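Keep in mind it's a predicted model, so treat the numbers as computed, not measured. So you know, we letter chains A, B, ... as the sequences are listed, proteins then strands, and number each from 1.
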Amino acid sequence: MELSKNYIPAVTEDKWYTHWLAKNYFTSQPDSRPAYTIVIPPPNVTGVLHMGHTLNETVQDILIRKARMSGFNTCWVPGTDHASIATEAKVVSMLQERGIKKEDLSREEFLKYAFEWKEKYGNIIYNQIAKLGCSVDWNRTTFTMDDHYYKAVIKVFVDLYNKGLIYRGARMINWDPAAKTALSDEEVEHRDVVGKLYYIKYKVVNENDNRQQTTDKFNYIVIATQRPETIMGDTAVCANPGDERYGNLKGRSVLVPLIDKAVPVIFDNYVDKEFGTGILKITPAHDINDYNIGLKHNLPVVDTLNEDGTMSEAAQIYVGEDRFVVRKKIVAQLREKGLLVKEEEYSTRIGYSQRTNAVVEPKISTQWFLKMKELAQPALDAVTSGKVSIHPGEKFNATYKYWLENVKDWCISRQLWWGQQIPAWYDEKGRFTVAETEEEARKGMSDQQSPLIKTGSILTRDEDVLDTWFSSWLWPIEVFNGITSPGNNEIKYYYPASVLVTGQDIIFFWVSRMIMAGMEYMHEKPFSDVYFTGMVRDKQGRKMSKSLGNSPDLLHLIREYGADAVRFGIMISAPAGNDLLFDEGSLEQGKHFNNKLWNALKLIKMWSARHEQDETQKSQDTNGELGKDNEAINGNLEKSSNDFAIIWFQNRLNEARIEVDKLMKEFRLSEALKTIYSLIWDDYCSWFLEWIKPKYGQNIDQNAYNDAVIFFEGILQLIHPYMPFITEEIYHLLKEREDDLVVKQFGNTIFPDEEILQLGNKLKDVISSIRDVRNKNNIKPKESIRLYIETQESSSYNTLQQILKRQVNAEFVKFNTSPGNAAIPIVVGKEKISIETNIEIDFEGQKEKLLKDLDYLKGFLNTVDRKLSNDKFVRNAKPEVIELERKKKSDAEEKITMIEQSLQQ
RNA sequence: GGGAGCAUAGCUCAGUUGGUUUAGAGCAUCUGCCUUACAAGCAGAGGGUCCGCGGUUCGAACCCGUGUGCUCCCACCA
């Protein structure tokens with residue numbers, strides 16, 4: 001069979017993915033094996049996957065595939081998140097483009113559009129996941145608004161309500177005027193901005209005091225504010241009780257500018273005398289601090305804003321105009337009236353809605369809240385006790401702990417349609433009951449002996465839906481129906497999941513809350529390990545975003561480089577826990593790596609083709625004597641030189657396996673990949689295959705060929721979790737077989753023989769050093785050389801000689817004899833090697849190199865000597881350390897002697 | 001304002017309880033090769049005041065202190 005020049009991913013990828021699915025390799029049923037479970041962080045159905053997802057999914061697939069090949073019953077559950085506010089915002093703007101207003105639609109009509117949207121983007125996402133090669137169990141696909149999932153969320157809401165953890169009440173919340181909904185604290189992003197601080201005059205009212213104020217000073221006070229448009233909501237001004245400047249204002253009132261509303265002057269320790277003018281306006285409806293002060297001093301609340309951020313009737317002026325427009329107008333008006341004393345630049349932090357990017361307004365509103373303190377404690381313990389371990393822990397343990405220790409109640413209601421509707425029913429008088437269904441609610445109402453219910457009056461369901469995270473926090477449980485059907489076989493088998501792989505940005509939104517839900521509903525952690533990936537940035541370190549145009553399209557990349565190369569490229573540059581600088585160059589590197597594997601396959605296929613051809617010829621040859629003789633001679637010679645290559649690579653492979661296992665257990669996936677990369681490129685291709693490569697026109701020794709194939713299978717298996725497609729393809733091209741690499745089990749760990757590895761390193765060193773000399777002296781590859789090695793261990797060369805000769809094109813190697821002619825001396829380790837050649841050589845250059853080495857070694861010896869002659873060192877250091885230093889000393893001395901000898905020649 | 005993390009080659013990073021470390025890898029760079037698997041390749045090479053300063057120690061890239069510079073998280077001072 002003819003192999004293409006280079007590896008072509010497109011055909012291969014679809015072929016194997018289809019095959020794996022047909023064989024049901026990714027589907028999981030509980031059985032006697034240990035389970036290895038991962039629940040995918042369900043991507044939002046707001047759009048397509050970006051590079052951050054790509055990184056996350058790749059990491060999960062690597063872990064799952066490794067586990068699948070290591071005896072586990074692996075289950076990777078795919079799914080998507082309805083992403084309440086984010087998706088609703090997208091659907092609303094999509095409708096807007098089509099000229100449809102949300103206000104003109106009924107809830108049902110709107111939901112129909114939303115589900116269409118979900119269907120479209122959900123499928124794109126699933127397609128992307130499949131193209132990337134993710135081995136998810138497609139039978140388990142879950143959406144956070146599936147029927148059972150919806151029920152689970154409702155059930156949990158009712159349960160928490162009955163436990164007294166959910167309550168309804170008017171509180172100061174974060175209001176998103178664009179989406180017209182409440183937000184949780186976590187959904188507000190604070191950004192530094194330079195704003196303005198306006199100093200505004202408030203006139204002092206004199207009605208209770210007949211004395212005429214003589215100085216202008218007491219006719220008005222000056223108050224600083226960043227938000228002059230809120231003055232109409234002022235219901236007091238406040239100073240520190242110890243502030244003498246304002247002592248005489250006790251019991252007096254001031255007039256709110258523009259609307260001339262009289263509000264009292266009050267006193268509270270909250271006010272900092274040093275800051276601003278030392279007196280502050282109190283606007284209870286639009287600032288959390290003011291609200292608290294208002295409560296304390298019994299102030300009325302005047303809400304001057306409508307839901308959409310325009311001024312309300314209560315504002316009296318500029319009604320219906322947007323707050324930021326009004327700000328400008330009010331400033332202008334104040335200035336005109338001489339009430340604006342000054343403006344100064346002021347840097348502050350402003351809260352923006354994470355989803356709509358609108359400036360969030362603090363607002364008093366009746367919402368549903370979840371008490372967090374009780375839920376937080378077990379979640380905190382789970383991490384501090386080490387039941388759940390976070391990677392990288394040093395970075396996130398403290399953050400996690402801090403948040404849970406200071407957690408506030410969670411506002412869980414949203415004024416949206418896309419989501420689980422809150423299961424609370426109200427009667428005409430506004431009395432409500434919480435229940436899973438209307439029937440239950442009716443029953444609940446009658447239990448409360450409401451006369452209205454008994455007569456069968458109409459109940460209205462709460463219009464609001466739940467925060468999207470109030471559904472996602474059940475994800476690891478309800479994907480196995482653990483809430484709706486507690487104690488079922490699957491939840492018992494798969495829960496808790498092994499590892500959660502997600503972005504560090506949702507540690508509070510999701511990770512901590514899943515742990516809470518897990519502890520509350522399963523009395524068990526939801527996962528053992530949390531692996532946080534960093535953020536994907538572009539080459540220049542900028543965040544990837546649509547507006548910058550630096551966020552590449554995943555399917556595009558797969559088409560261009562192949563899925564394996566994309567996976568390789570992203571993993572090779574993803575240091576554990578750090579941000580990843582995405583550079584297409586690394587995908588290019590992945591493509592090259594694919595090609596390297598492909599070419600190794602071509603080489604081996606070539607060997608086998610020649611071998612088969614030969615076999616056929618031999619069987620056709622009735623005499624066969626000649627062929628037999630030739631094989632005997634060549635075979636023996638090749639064989640002895642191949643022996644070492646084989647035993648060396650066997651050990652090198654074992655060594656790499658152990659290292660990779662260790663690294664992967666520590667989630668150091670990038671380093672594990674580097675280890676495998678180097679094993680394949682350097683050790684297998686550059687060294688091993690070259691060592692066993694037969695001379696031109698000759699056949700490979702059968703043993704060497706067989707082992708080369710076995711080793712190839714071994715390295716394919718190691719790299720498979722990272723690059724599933726090409727490895728499966730090569731595995732099958734290597735020889736005909738029934739089994740598939742994707743489920744090939746790793747055998748037991750075999751520890752490598754250190755001595756053989758050392759010997760291999762020595763051989764590589766010697767070869768490289770001699771090649772260096774050849775390079776520097778322009779000795780052409782065809783030009784042969786002769787080697788004279790001075791060594792105490794000439795016997796160690798018994799097995800290395802043949803390889804050495806072949807790799808440096810030496811006619812012969814002689815031990816402990818001097819060359820007849822001038823030769824280039826080099827020192828490798830403790831051995832002196834003289835290279836004799838027929839061509840002109842640059843002795844001066846070589847001498848320089850030796851002198852440089854000598855310099856280094858002398859300096860090195862010096863530091864060792866200093867240590868050994870230091871009394872305190874000899875007394876304090878551990879014996880093995882001293883022994884080591886002595887060895888360093890003697891080694892260095894031997895090397896120096898060798899070099900000095902060489903220089904004398 | 002509070003907290004966390006980081007600083008090692010041009011770039012991205014290793015360096016696992018302080019001792020074969022006068023420091024490694026990949027990429028990039030340079031030199032020589034179209035050598036019969038692979039020029040998407042082969043064989044080599046060069047490149048570092050381990051952020052500055054001080055300390056602990058027989059010994060510091062590693063531990064402590066301090067300064068500087070980045071990054072991130074949290075927070076209701078008008």
Side-chain angles (χ1 to χ4, degrees), chain A residues 3 5-7 172 190 197 223-227 238 270-272 274-283 287-292 346 348-349 362 392 394-399 402-403 406 504-505 507-508 535 539 541 572-573 575-581 583 585-586 588-589 591-607 662 666 668 670-671 674-675 677-678 685-686 689-690 693 696-697 767-769 771-776 778 780-782 809 856 859-860 862-864 866-867 870-878 880-882 884-885 887-888 891-892:
Chain A
L3 292 174
K5 182 169 177 346
N6 292 319
Y7 171 64
M172 180 67 76
H190 295 274
L197 201 53
I223 287 174
T225 180
Q226 294 180 64
R227 300 164 67 202
C238 185
Y270 167 78
V271 181
D272 180 354
E274 308 302 319
F275 193 92
T277 57
I279 190 157
L280 123 101
K281 70 193 205 61
I282 304 294
T283 321
D287 184 281
I288 180 69
N289 299 305
D290 293 12
Y291 178 68
N292 290 333
Y346 184 72
T348 183
R349 287 176 69 78
E394 60 274 16
K395 228 173 183 171
F396 297 110
N397 279 332
T399 315
Y402 182 85
W403 188 78
N406 296 283
Q504 53 196 247
D505 49 330
I507 181 167
F508 308 133
M535 186 184 289
K539 260 208 282 215
I572 201 79
S573 44
N578 279 1
D579 283 356
L580 174 154
L581 299 188
D583 180 0
S586 60
E588 193 74 29
Q589 197 189 345
K591 204 167 150 187
H592 295 178
F593 187 38
N594 277 333
N595 208 44
K596 190 72 187 172
L597 283 166
W598 189 250
N599 276 299
L601 170 74
K602 272 164 65 182
L603 178 63
I604 285 181
K605 292 309 279 184
M606 209 183 77
W607 288 342
K662 183 173 163 274
E666 294 165 358
R668 299 166 73 160
S670 175
E671 285 169 66
K674 283 174 185 164
T675 302
Y677 179 76
S678 161
C685 293
S686 294
L689 289 181
E690 291 299 332
K693 190 187 263 182
Y696 183 69
I767 293 172
S768 293
S769 306
R771 279 174 178 167
D772 183 28
V773 169
R774 294 190 60 118
N775 244 332
K776 291 218 165 101
N778 279 318
K780 298 263 177 288
K782 295 245 160 72
N809 190 13
Y856 173 87
F860 181 73
N862 198 3
T863 62
V864 178
R866 265 213 311 270
K867 270 190 208 172
N870 186 328
D871 222 35
K872 287 179 178 169
F873 170 72
V874 181
R875 257 184 289 131
N876 294 329
K878 282 179 278 184
E880 57 265 34
V881 172
I882 297 172
L884 210 64
E885 291 300 317
K887 193 165 179 319
K888 270 156 82 173
D891 283 359

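Side chains of A:Tyr270 and A:Leu280 form a contact here, defined as non-hydrogen atoms less than 4.5 Å apart. The closest side-chain heavy-atom distance from A:Leu581 to A:Lys539 is not below 4.5 Å. Looking at A:Cys238 and A:Ile282, their side chains come closer than 4.5 Å, going by heavy atoms from C-beta outward. Contact annotation: the side chain of A:Thr399 never approaches that of A:Gln504 to less than 4.5 Å [non-hydrogen atoms, C-beta and beyond].
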Show the distances under 3.5 angstrom between N or O atoms of the protein and N or O atoms of nucleotides 30-37 of chain B.
{"unit_1": "B:A37", "atom_1": "OP1", "unit_2": "A:Lys693", "atom_2": "NZ", "d": "3.4"}
{"unit_1": "B:A37", "atom_1": "O2'", "unit_2": "A:Asn599", "atom_2": "OD1", "d": "2.6"}
{"unit_1": "B:A37", "atom_1": "N7", "unit_2": "A:Lys693", "atom_2": "NZ", "d": "3.4"}
{"unit_1": "B:A37", "atom_1": "N6", "unit_2": "A:Cys685", "atom_2": "O", "d": "3.3"}
{"unit_1": "B:A37", "atom_1": "N6", "unit_2": "A:Glu690", "atom_2": "OE2", "d": "3.0"}
{"unit_1": "B:A37", "atom_1": "N3", "unit_2": "A:Asn599", "atom_2": "O", "d": "3.0"}
{"unit_1": "B:A37", "atom_1": "N3", "unit_2": "A:Ala600", "atom_2": "N", "d": "3.3"}

Restricting to nitrogen or oxygen on both sides, can you table the protein-nucleotides 15-21 of chain B pairs closer than 3.5 Å?
{"unit_1": "B:G15", "atom_1": "OP1", "unit_2": "A:Arg668", "atom_2": "NH2", "d": "2.7"}
{"unit_1": "B:U20", "atom_1": "OP1", "unit_2": "A:Lys888", "atom_2": "NZ", "d": "3.3"}
{"unit_1": "B:U20", "atom_1": "O4", "unit_2": "A:Lys887", "atom_2": "NZ", "d": "3.1"}

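Neither OP1 nor OP2 of B:C38 sits under 4.0 Å from any side-chain N or O of A:His592. The phosphate of B:G26 (OP1 or OP2) has no side-chain N or O of A:Ser678 nearer than 4.0 angstrom.
Not one N or O on the side chain of A:Asn6 forms a donor-acceptor pair closer than 3.5 Å with the backbone of A:Asn595.
Distance check on atom P: B:U49 versus B:A23 gives 12 Å, rounded to whole Å. Rounded to a whole angstrom, the distance from the P atom of B:G26 to that of B:U68 is 38 Å. Between the P atoms of B:U71 and B:U66, the separation comes to 23 Å (whole Å). Taking the C1' atoms as reference points, B:G1 lies 39 Å from B:G48, given to the whole Å. The gap from the P atom of B:C13 to that of B:C72 amounts to 14 Å, rounded to the nearest Å. B:U16 and B:A7 have their P atoms separated by 12 Å, given to the nearest Å. Taking atom C1' on both B:A25 and B:C70, the two are 24 Å apart, rounded to the nearest angstrom. To the nearest whole angstrom, the two P atoms, one in B:U29 and one in B:G67, are 42 Å apart.
Side-chain proximity of A:Asn578 to the nucleotides B:A14, B:G26, B:G5 is greatest for B:A14.
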Please, what dot-bracket string fits RNA chain B when only Watson-Crick and G-U pairs with both distances under 3.5 Å count, crossing ones use [ ] and pairs to another strand use |? (((((((..((((.....[....)))).(((((.......))))).....(((((..]....))))))))))))....

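Heavy atoms of A:Gln589 sit under 4.0 angstrom from primed sugar atoms or phosphate atoms, though from no base atom. Within 4.0 Å of A:Ser670, counting heavy atoms only, lies no atom of the nucleic acid at all. Here A:Asn862 lies out of heavy-atom contact (under 4.0 Å) with every strand.
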Its contact letters, B for base, S for sugar-phosphate only and - for none at protein heavy atoms under 4.0 Å, make nucleotides 73-78 of chain B read SSBBBB

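Taking every heavy atom of both residues into account, A:Ile279 and A:Ile223 meet most closely at CG2-CG1, 3.6 Å. Between A:Leu689 and A:Ala600, the shortest heavy-atom contact is CD1-CB, 4.0 Å. A:Ile572 approaches A:Ser586 most closely through the heavy-atom pair CG2-CB, 4.0 Å.
Atom pair A:Leu581:CG and B:U12:P shows a separation of 6 Å (rounding to whole Å applied).
Distance check: A:Tyr7 OH to A:Lys591 NZ gives 12.0 Å after rounding to the nearest 0.5 Å. Between atom CG of residue A:Asn599 and atom CG of residue A:Leu3 there is a gap of 9.5 Å, rounded to the nearest 0.5 Å. Here the CD1-CZ distance, from A:Ile507 to A:Phe396, works out to 6.5 Å after rounding to the nearest 0.5 Å. The distance from the SG atom of A:Cys685 to the CD atom of A:Glu690 is 9.0 Å, given to the nearest 0.5 Å.
Taking the salt bridge (charged side-chain N to carboxylate O under 4.0 Å, His left out) definition, one finds that A:Lys887 meets it with A:Asp891, sequence neighbours left out. Taking A:Lys867 as the reference, A:Glu885 meet the salt bridge (charged side-chain N to carboxylate O under 4.0 Å, His left out) condition, with sequence neighbours excluded.
More than 12 heavy-atom neighbours from other residues, nucleotides or ligands sit within 6.0 angstrom of CD on A:Glu880.
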